[in-house]
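First the structure, in the form of structure tokens, and then the observations on it.
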Amino acid sequence: MSHPSAAPAPLLIASALGIEHLALRTGGRGGADGPVTVLRTGMGPKAAERSVTRVLADPALAGAAVLATGFCAGLAPGMHPGDLVVAEETRDPRGTVGCVGTDRLVKELARAVPGRTVHTGPLTGSDHVVRGPERAALRATGAIAVDMESAATLLSAVRTAPRPVAAVRVVVDAPEHELVRIGTLRGGISAFRVLRSVLPAFYEWHRSLSLPRR
């Protein structure tokens, strides 16, 4: 007697800014294995914490995997706008959260956005835009990139319930390429195009979570 397979777990993709949300919405939804929610949290760690906690209280998202995405500031020399960052962990003053399936994400991003450099390492959180000397100080902690929402998003997600989490960011500015306003320079436009192309990689990561471990 055959048994119906369990329904695929949902996927929650969280980003902060309207332009990030637009990139993800225009990237298409085809190919997802299970229901996908794309959440605009609002800017900053407090907004991310509030939004993610509220949405994950919905019983329909009880077992959801959570992926934080959007733009970031690169901290390492040699980074360029449009590069990708796959977090091995996220950090902020309240705690560190380990990410799941980073190798799979790197592989799938290389397929989805060929030719783009993918960096892996710790992603640190900040409650403000980081510039100049502060960037070097964060780099000295071992972090490779910084943004305002990923750490709060993942910490809130795992505090709600144990679940797979990950963070993928697109570099909009870097030590040699400081950006004044997203969208006004080529770096911002390049990052938008990259973010619009990454959804297939997110879906493959999500699909891999349900595969048997070897």
Side-chain angles (χ1 to χ4, degrees), residues 4-17 19-41 48 52 55-56 60-72 74 79 82-90 97-123 144-145 147 149-151 153-154 157-158 160-172 190-214:
S5 58
L11 171 62
L12 176 65
I13 300 171
S15 64
L17 303 177
I19 192 170
E20 296 167 339
H21 192 67
L22 177 63
L24 294 165
R25 278 177 40 227
T26 57
R29 298 285 183 87
D33 186 15
V36 179
T37 300
V38 179
L39 172 68
R40 179 181 173 187
T41 64
V52 171
V55 168
L56 289 177
L61 290 174
V66 175
L67 194 150
T69 194
F71 303 134
C72 70
M79 282 183 157
D83 284 3
L84 287 143
V85 171
V86 175
E88 293 174 342
E89 63 183 28
T90 58
V97 178
C99 296
V100 173
T102 54
D103 290 347
R104 184 59 180 259
L105 272 170
V106 170
K107 175 184 170 185
E108 295 299 339
L109 287 166
R111 183 178 299 169
V113 198
R116 292 289 176 181
T117 302
V118 181
H119 307 268
T120 59
L123 176 62
I144 64 166
D147 76 89
E149 297 84 24
S150 291
T153 293
L154 268 52
V158 298
T160 304
R163 66 182 76 247
V165 293
V168 176
R169 290 274 168 173
V170 183
V171 174
V172 287
S190 172
F192 179 86
R193 287 176 177 155
V194 172
L195 188 59
R196 197 169 57 186
S197 304
V198 295
L199 281 173
F202 295 174
Y203 298 155
E204 288 302 322
W205 169 80
H206 181 226
R207 186 174 289 114
S208 76
L209 298 175
S210 61
L211 297 176
R213 301 279 178 239
R214 294 193 179 187

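Hydrogens, waters and symmetry mates are skipped; everything else that's a heavy atom, side chains included, is used. Throughout, residue positions are numbered sequentially from 1 according to the sequence presented.
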Measuring from C72:SG to H119:NE2, what's the distance to the nearest 0.5 Å? 9.0 Å

Donor-acceptor under 3.5 Å (T69 side chain, V168 main chain): yes

Can you tell me how far the OG1 atom of T120 sits from the CG atom of L109, to the nearest 0.5 Å? 11.5 Å

Are the side chains of R116 and V170 in contact, using a 4.5 Å heavy-atom criterion? no

In this structure, CG of L17 is separated from CG of L22 (nearest 0.5 Å) by 11.5 Å

Atom CD1 in I19, atom CG in L195: separation rounded to 0.5 Å? 9.0 Å

Is there a donor-acceptor pair under 3.5 Å between the side chain of E20 and the backbone N or O of A16? yes

Distance col, row L39:CG vs T153:OG1, nearest 0.5 angstrom, shows 8.0 Å

Any donor-acceptor pair under 3.5 Å linking the side chain of R163 with the backbone of V158? no

From V165, V55, I13, residue fulfilling side chain to side chain contact (heavy atoms under 4.5 Å, CB included) relative to V66: V165

How about E88 and C99: do any of their side-chain heavy atoms sit closer than 4.5 Å? no

Is there side-chain contact between L84 and V198, with at least one heavy-atom pair below 4.5 Å? yes

Here the gap from L12 atom CG to H206 atom NE2, rounded to the nearest 0.5 Å, amounts to 10.0 Å

Under the 3.5 angstrom rule, does the side chain of E149 hit a backbone N or O of S15 as a donor-acceptor pair? no

